[in-house]
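Notes to accompany the following structure.
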Amino acid sequence: MRIVDAKVIICSPGRNFVTLKITTEDGLHGLGDATLNGRELAVASYLSDHVIPLLIGRDARRIEDLWQYLYKGAYWRRGPVTMASISAVDTALWDIKGKSLNVPVYQLLGGASRDAILVYGHASGKDIDDTVAAVAAYAKLGYKAIRAQSGIPGLNSTYGVGRGKMFYEPAEKDAPVEDLWSSELYLNFVPRLFERLRKEFGSDLHLLHDAHHRLTPIEAARLGKELEPYHLFWLEDPTPAELQESFRLIRRHTTTPLAVGEVFNSIFDCQQLIQEQLIDYIRAAVVHAAGISHLRKIASLAEMYQVRTGCHGATDMSPVCMAAALHFDLSVHNFGIQEYMHHSAETDRVFSHSYTFADGMMHPGDAPGLGVDIDEQLASNYPYRRAYLPINRKLDGTMHSW
Ligand code: EZ4
Ligand code: CO
């Protein structure tokens, strides 16, 4: 089953997406997401200029061999641009394999390990009252797990406080927005938010929070400790994870479960975190961690150490990535939770999909392959628009992690 065509489709139905479409001599096609938020065209070029010429004429059935060919064959290993490109190829080939055998991808991955997939939604507000109302709205929609982020008095804008109703979209046109940050104000505020949320919603609702890489290890330890009475499902990205051993310090001080890994692109980024049991959930995503094939290897390592999966699923993971994630989530034994942020109506029109949401749970559907397609004609009405993620500065102007 030879690959006869491959092309990159760049579109912006509300936000930018980079999609790889691979076609075989049998007339089947498969899709892979290659979106790297704020750096989309670098991946598109890597695919068009370097990867696609290598794909034409190859056997689409040899998924693992093609993965290794693109990984080992580049000599320059890893990095978000390379790994997002490999992911797009890998995901598209799983899609094709499913279609050629007439089964949904999860059946190729060992079949369903559960009936449905627990997902969490994103509630945010400008202050505590607003955030309480947003959490209530999500609970009313049936969500059993909700991430809560709130504006902080004294800071003009805060990570995770959305503009849309059902999603949070940080990328802005033309130039990066500049946020202001104070760990002191944040640390004094967040425990009060969760004290109130537990008071309002009781103990059964799963509550999550994202610190978005902003704290030092000892600050993160303090936050984890002070949040213990409110039993978070997880505290996400408490400190940047380039230094994996820094999580030892956090771990020594708190039993609040930790989730890390949305910016990871390989198993080597989380090897120490998993093997030393420094985290509870690994957040690597299909699109950024080199596809379904590589993410399954990460999950297998994690399974040995009782670390569960919690894939990144913000709006910059396209519906193609979302579908791939749901097939992965349904099949893998040590699944924990899946992030789910609604896409805009325009995005859903461009990318039709078979996955569904009901009562706080999702299912990828039983269409052959991934169960997602792209309307290229419609997509062409939404040309690429340059957009950047925000940057973050401390109150004295020092650059800080966003
Ligand atoms: O900042 O997807 O948990 N979700 C997140 C997201 C990320 C964006 C980056 O592209 O942290 O909001
Ligand atoms: Co996050």
Side-chain angles (χ1 to χ4, degrees), residues 12 14-18 33-43 80-81 83-84 87 119-124 134 138 143 145-151 157-164 166-173 176-177 179 181 186 190 206-215 220 223 232-241 257-265 269-270 273 279-289 309-322 325 336-344 347 386-392 400-402:
S12 193
R15 67 153 6 271
N16 291 320
F17 293 114
V18 177
D33 181 20
T35 308
L36 186 62
N37 206 359
R39 294 293 185 272
E40 296 87 358
L41 299 185
V43 188
V81 174
M83 298 304 254
S87 169
V119 299
Y120 70 92
H122 284 235
S124 67
Y138 271 88
Y143 282 86
I146 301 169
R147 186 186 98 157
Q149 310 286 139
S150 169
S157 60
T158 312
Y159 165 77
V161 180
R163 291 194 302 267
M166 293 300 293
F167 53 86
Y168 163 65
E169 189 58 82
E172 294 268 3
K173 309 288 168 278
V177 165
D179 285 353
W181 180 251
Y186 173 79
V190 176
H206 294 308
L207 292 173
L208 299 81
H209 182 71
D210 192 348
H212 220 260
H213 324 267
R214 283 153 187 224
L215 303 174
L223 181 61
L232 263 59
F233 186 96
W234 78 33
L235 173 62
E236 177 180 336
D237 288 330
T239 196
L258 303 175
V260 173
E262 66 184 41
V263 301
F264 291 173
N265 53 68
D269 296 326
C270 46
L273 288 171
I279 57 173
D280 301 282
Y281 296 91
I282 179 70
R283 278 184 49 68
V286 171
V287 54
H288 300 128
T309 67
C311 290
H312 190 200
T315 39
D316 47 306
M317 314 311 103
S318 88
V320 179
C321 178
M322 194 63 206
I337 199 167
Q338 169 70 48
E339 181 179 19
Y340 174 52
M341 227 194 266
H342 284 232
H343 288 106
S344 68
T347 297
R386 193 189 335 274
Y388 289 94
L389 286 169
I391 61 111
N392 199 27
H400 195 58
S401 303
W402 174 72

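Note that ligands are numbered from 1 as they come in the structure, with each ligand's atoms numbered from 1 the same way. Note that the numbering runs from 1 along the sequence shown for the chain.
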Next item on the list: Using the six-membered ring of F17, assess whether NZ or CZ of R15 lies under 6.0 Å from its centre and within 45 degrees of the ring axis.
Entry: yes

Note to self: Any nitrogen or oxygen of Y120, side chain or backbone, less than 3.5 Å from one on ligand 1?
What the structure shows: no

of all protein heavy atoms, closest to atom 1 (O) of ligand 1 is H212 NE2, 2.7 Å

Modelled atom types, side-chain donor and acceptor of T35 and D316, under 3.5 Å:
no

In this structure, atom 5 (C) of ligand 1 is nearest to the protein heavy atom Y159 OH, 3.0 Å

So CG of N16 and OG of S318: to nearest 0.5 Å the spacing works out to 12.0 Å

For E236, the N, O or S atom at the shortest distance from the Co ion (ligand 2) is OE2

Note: ligand 1 atoms sitting under 4.0 Å from heavy atoms of R283 are 3 (O), 4 (N)

Next item on the list: Would you check if the Co ion (ligand 2) lies under 2.8 Å from any N, O or S atom of E262?
Entry: yes

- prompt: Does Y159 reach the main-chain N or O of W402 with its side chain, forming a donor-acceptor pair under 3.5 Å?
  reply: no

min-distance N/O/S atom, D210 vs the Co ion (ligand 2), resolves to OD2

Atom 2 (O) of ligand 1 has as its nearest protein heavy atom D316 OD1, 2.7 Å

Per-atom filter on ligand 1: closer than 4.0 angstrom to a heavy atom of R147 are 3 (O), 4 (N)

re atom 11 (O) of ligand 1, the protein heavy-atom contact at minimum distance is E262 OE2, 2.7 Å

Within 4.0 Å of some non-hydrogen atom of W402, the atoms of ligand 1 are 1 (O)

Near D210 (heavy-atom distance under 4.0 Å), the atoms of ligand 1 are 3 (O), 4 (N), 5 (C), 11 (O)

Taking only non-hydrogen atoms of A314 and a 4.0 Å limit, the atoms of ligand 1 in range are 2 (O)

Rounding to 0.5 Å, atoms OH (Y143) and NE2 (H122) come to a distance of 9.0 Å

Determine the interplanar angle of the W234 and Y120 rings, folded into 0 to 90°, and report it as parallel if under 30°, tilted if 30 to 60°, perpendicular if over 60°.
perpendicular

Rounding to 0.5 Å, atoms CZ (R283) and CD (E236) come to a distance of 3.5 Å

d(Y186 OH, S150 OG) to nearest 0.5 Å is 10.5 Å

Within the stated cut-off of 2.8 Å, is an N/O/S atom of D237 closer than that to the Co ion (ligand 2)? no

Distance col, row E262:CD vs E339:CD, nearest 0.5 angstrom, shows 7.0 Å

